[in-house]
Amino acid sequence: MTVVTRFAPSPTGFLHIGGARTALFNWLYARHCGGKFLLRIEDTDRKRSTDDAVAAIFAGLEWLGLDWDEEPVFQFSRADVHSGAANRLLAEGKAYHCYCTQEELEEMRAKAKAEGRPMRYDGRWRDRDPSDAPEGVPPVVRLKAPQDGETVIDDLVQGEVRFANEQLDDMILLRANGTPTYMLSVVVDDHDMGVSHIVRGDDHLTNAARQTLLYEALGWDVPAFAHIPLIHGPDGAKLSKRHGALGVEAYRDMGYLPEAMRNYLLRLGWGHGDEEVISTEQAIEWFDLDAVGRSPARIDFAKLENLNGIYIRNSSDEQLFGHVVPVIENALGRSLGDIDRNRLSTLIPSLKERAKTTLELFENARFLFMYRPLELDEKATKLLTDEARSVINTLLPVLADLSEWTPESTEAAIRQFADDQSLKLGKVAQPLRAALCGRTTSPGIFDVLDALGRDESLARLGDIAN
RNA sequence: GUCCCCUUCGUCUAGCGGUCUAGGACAUCGGCCUCUCACGCCGAAAACACGGGUUCGAGUCCCGUAGGGGACGCCA
């Protein structure tokens with residue numbers, strides 16, 4: 001059997017992190033099995049669906065590197081097919097018209113609540129003669145679902161889950177205005193798209209039971225289900241905006257790399273022995289639904305950051321440079337000229353050892369793009385005492401006399417200088433750092449000198465010495 | 001409230017009856033390295049929710065309890 005999975009978001013907002021993980025698991029499973037990963041946009045709620053959201057979902061998936069097979073299906077465009085299925089059930093006597101008013105349903109709900117029961121439609125039109133139909137009330141179409149027995153979901157993640165059919169009432173297939181409901185659309189679409197494995201959040205577990213009934217009524221094979229636990233916020237509660245229910249593009253803007261994000265999401269609820277840093281190739285090879293945990297996982301930004309740092313360090317200099325230039329240009333509000341680019345690319349190897357996000361990398365590189373005379377931060381100002389300035393003063397001609405300007409040559413000269421002056425290297429390096437970077441932390445000082453170049457370095461030192 | 005699911009260090013997890021005095025990772029705290037900050041390395045503290053069974057033996061199986069989550073729409 002060819003495995004076909006799908007990701008079916010409703011375009012009512014950005015692609016949030018929970019959806020991203022669901023998409024990732026679907027994608028991984030399809031790739032692992034050599035099957036297909038399809039995309040369906042569930043835009044049947046016309047009021048809440050927007051084109052912007054559709055675009056955001058596409059962009060989010062692309063950013064994460066989750067490519068889908070075939071053209072995306074837009075659910076709303078298939079409304080006729082969906083209602084056709086409902087009409088077929090009607091003709092076969094497996095569905096019926098219900099003329100209940102909203103008020104009647106409200107009453108049922110209130111009564112159920114008062115009696116401590118869940119709201120269940122009482123089936124009052126189930127076997128009633130259609131000739132009883134009230135004038136001018138447009139009916140909904142309901143499924144004539146079995147009233148006893150049980151429906152069993154053999155879930156790849158949750159195991160065998162049983163629901164008593166009496167708890168599953170006659171769900172609405174077609175609304176009074178004739179449009180199909182979610183429950184109907186999903187089943188018809190998944191069937192028509194040939195979906196073999198439905199991987200989705202476990203908030204859909206009860207829906208799986210209802211949908212199973214629908215599959216059976218329609219005479220279709222029931223696909224395999226895999227209901228994965230939801231992601232929770234750091235506090236264990238539902239994901240809130242404050243706690244990470246952001247669009248994936250927000251994570252991009254916070255300086256995370258898509259590969260790191262993917263790795264992190266993968267490890268949330270799934271593990272492979274002691275493996276932590278897992279390449280996409282390995283993930284595809286190792287991923288399987290039966291290893292997905294059943295308990296919800298909390299998002300942990302510290303771990304995400306740590307992983308991101310690992311991916312930054314493992315990036316090639318060229319790759320990282322490409323990632324970081326737009327981040328910097330965006331933060332700086334100007335584009336980088338050749339000089340800026342050269343300085344940045346020289347310092348990248350050193351910069352990437354000390355940043356957990358590309359945003360942090362920018363902060364650490366910021367001094368490269370500042371204009372003279374440098375604005376010194378508080379600590380740098382404090383560090384540049386008269387004594388420190390005189391060290392720079394004495395060192396300046398030594399550096400100016402260097403015939404060659406490389407990390408090796410400046411290091412040799414400065415170490416020699418410190419030796420001659422009976423100073424510890426730190427006593428020379430720290431003032432240099434403050435003068436060159438305007439702050440007391442930076443990449444290795446010889447790399448800084450190298451990146452800035454001879455002229456700029458000497459000029460910045462001169463600004464301080466005088 | 002009803003139904004369903006879940007419960008190993010603070011967090012993510014390994015563990016699929018004996019090899020568990022419970023392993024790894026992040027975070028935390030020490031130390032080393034060192035021109036600062038990082039990286040790296042070494043080390044410490046830190047968990048089987050509780051109560052009953054089953055078994056020669058339970059983190060691992062069963063049943064309760066407690067706690068957490070999800071579902072109960074003419075939303076998806």
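The structure displayed is predicted, hence computed values, not measured ones. Protein chains get the first letters and strands the later ones, always in sequence-line order, with residue 1 at the start of each.
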P atom, rC37(B) versus rU19(B): distance in rounded Å? 45 Å
Tell me the interatomic distance from Gln102(A), atom CD, to rG73(B), atom C1', rounded to whole angstroms. 9 Å
rC72(B) - base-pair partner by Watson-Crick or wobble geometry, distances under 3.5 Å: rG1(B)
Can you tell me which nucleotide in rC26(B), rG23(B), rA25(B) comes closest to the side chain of Asp300(A)? rC26(B)
Which residues in residues 136-143 of chain A have a heavy atom closer than 4.0 Å to any atom of RNA chain B? Val140(A)
What nucleotide, of rA76(B), rC5(B), rC26(B), holds the atom closest to the side chain of Ser10(A)? rA76(B)
Given rC74(B), rU36(B), rA71(B), the nucleotide with the shortest approach to the side chain of Ile172(A): rC74(B)
Parallel, tilted or perpendicular, as decided by the 30° and 60° cut-offs, for the rings of Phe25(A) and Phe287(A): tilted
Which part of the nucleic acid does Gln167(A) contact within heavy-atom distance under 4.0 Å: base, sugar-phosphate only, or nothing? sugar-phosphate
Taken in chain and number order and not counting sequence neighbours, the residues that satisfy ring-ring contact (aromatic ring centres under 6.0 Å, His included) with His227(A) are Phe225(A)
Could you check whether Pro443(A) gets within reach of a base, just the sugar-phosphate, or nothing at all, counting any heavy atom under 4.0 Å? base
Using the test side-chain contact (heavy atoms from CB on, under 4.5 Å), find all partners of Val152(A) that sit at least two apart in sequence or belong to another chain. Glu150(A), Glu160(A), Arg162(A)
Are Lys379(A) and Arg439(A) close enough that some pair of their side-chain heavy atoms sits under 4.5 Å apart? no
Pick base, sugar-phosphate or nothing for Leu205(A), based on heavy-atom distances below 4.0 Å to the nucleic acid. sugar-phosphate
Check for me whether the distance between the ring centres of His197(A) and Tyr29(A) falls short of 6.0 Å. yes
Cut-off 3.5 Å, no hydrogens considered: what does the side-chain donor-acceptor table look like for residues 343-352 of chain A, sequence neighbours left out?
unit_1    : atom_1 : unit_2    : atom_2 : d
Thr346(A) : OG1    : Asn342(A) : O      : 2.7
Ser350(A) : OG     : Arg354(A) : NH1    : 3.2
Ser350(A) : OG     : Asp447(A) : OD2    : 3.4
Lys352(A) : NZ     : Ser315(A) : O      : 2.7
Lys352(A) : NZ     : Asp317(A) : OD1    : 2.7

Can you tell me the distance, in whole Å, between the CD1 atom of Ile392(A) and the C1' atom of rC35(B)? 13 Å
Over how many whole Å does the gap from Arg298(A) atom CZ to rU13(B) atom P extend? 11 Å
Nucleotide nearest Met183(A) (side chain, heavy atoms from C-beta), chosen from rC39(B), rA76(B), rC35(B): rA76(B)
Between rC6(B), rC35(B), rC12(B), which nucleotide gets closest to the side-chain atoms of Ile445(A)? rC35(B)
Set of residues satisfying salt bridge (Lys or Arg N to Asp or Glu O under 4.0 Å) with respect to Glu353(A), sequence neighbours excluded: none
Between Arg389(A) (side chain only) and Ile392(A) (backbone N and O only), is there a donor and an acceptor less than 3.5 Å apart? no
Got a sec? Which of residues 39-46 of chain A come in under 4.0 Å of RNA chain B, heavy atoms? Glu42(A), Thr44(A), Asp45(A)
Residues touching RNA chain B, which here means a heavy atom under 4.0 Å, drawn from residues 349-358 of chain A: Glu353(A), Arg354(A), Lys356(A)
Output the rounded distance in Å from CH2 (Trp270(A)) to P (rC12(B)). 17 Å
Only residue of Ile278(A), Leu24(A), Asp288(A), Leu289(A) satisfying side chain to side chain contact (heavy atoms under 4.5 Å, CB included) with Trp270(A) is Ile278(A)
Under 4.0 Å, counting only non-hydrogen atoms across every strand here, what does Asn207(A) touch: a base, just sugar-phosphate, or nothing? base
Would Phe7(A) and Trp68(A) count as a close aromatic pair, with their ring centres under 6.0 Å? no
What parts of residues 257-267 of chain A reach RNA chain B, counting only heavy atoms under 4.0 Å away? Arg267(A)
Below 4.0 Å: OP1/OP2 of rG69(B) and any side-chain N or O of Arg294(A): no
Between P of rA71(B) and OH of Tyr182(A), the distance in whole Å: 12 Å
Near RNA chain B, which residues from residues 144-165 of chain A have a heavy atom under 4.0 Å away? Gln158(A), Val161(A), Arg162(A), Phe163(A)
For nucleotides 62-68 of chain B, read 5' to 3', which letter fits each nucleotide if B means a protein heavy atom sits under 4.0 Å from the base, S means only the sugar-phosphate is that close, and - means neither? -------
Looking at every strand, decide which applies to Gly309(A) at a 4.0 Å heavy-atom threshold: base, sugar-phosphate, or nothing. nothing
If the condition is side chain to side chain donor-acceptor pair (under 3.5 Å), which residues does Asp189(A) pass it with, not counting sequence neighbours? Gln75(A), Arg78(A), His82(A)
Arg142(A) side-chain N/O to Tyr96(A) backbone N/O, donor-acceptor pair under 3.5 Å: no
For a quick check of understanding: with a heavy-atom distance under 4.0 Å over all strands, which category does Leu230(A) fall into, base, sugar-phosphate or nothing? sugar-phosphate
Side chain of Thr441(A) only, please: which of rU11(B), rC37(B), rA71(B) is the nearest? rC37(B)
Expressed in angstrom and rounded to an integer, what is the separation of Ile231(A) atom CD1 from rG70(B) atom P? 13 Å
Taking the six-membered ring for Trp, are Tyr264(A) and Tyr256(A) ring centroids under 6.0 Å apart? no
Nearest whole Å is fine: how far is rC39(B) C1' from Leu347(A) CG? 15 Å
According to salt bridge (Lys or Arg N to Asp or Glu O under 4.0 Å), who are the partners of Arg433(A), at least two apart in sequence or on a separate chain? none
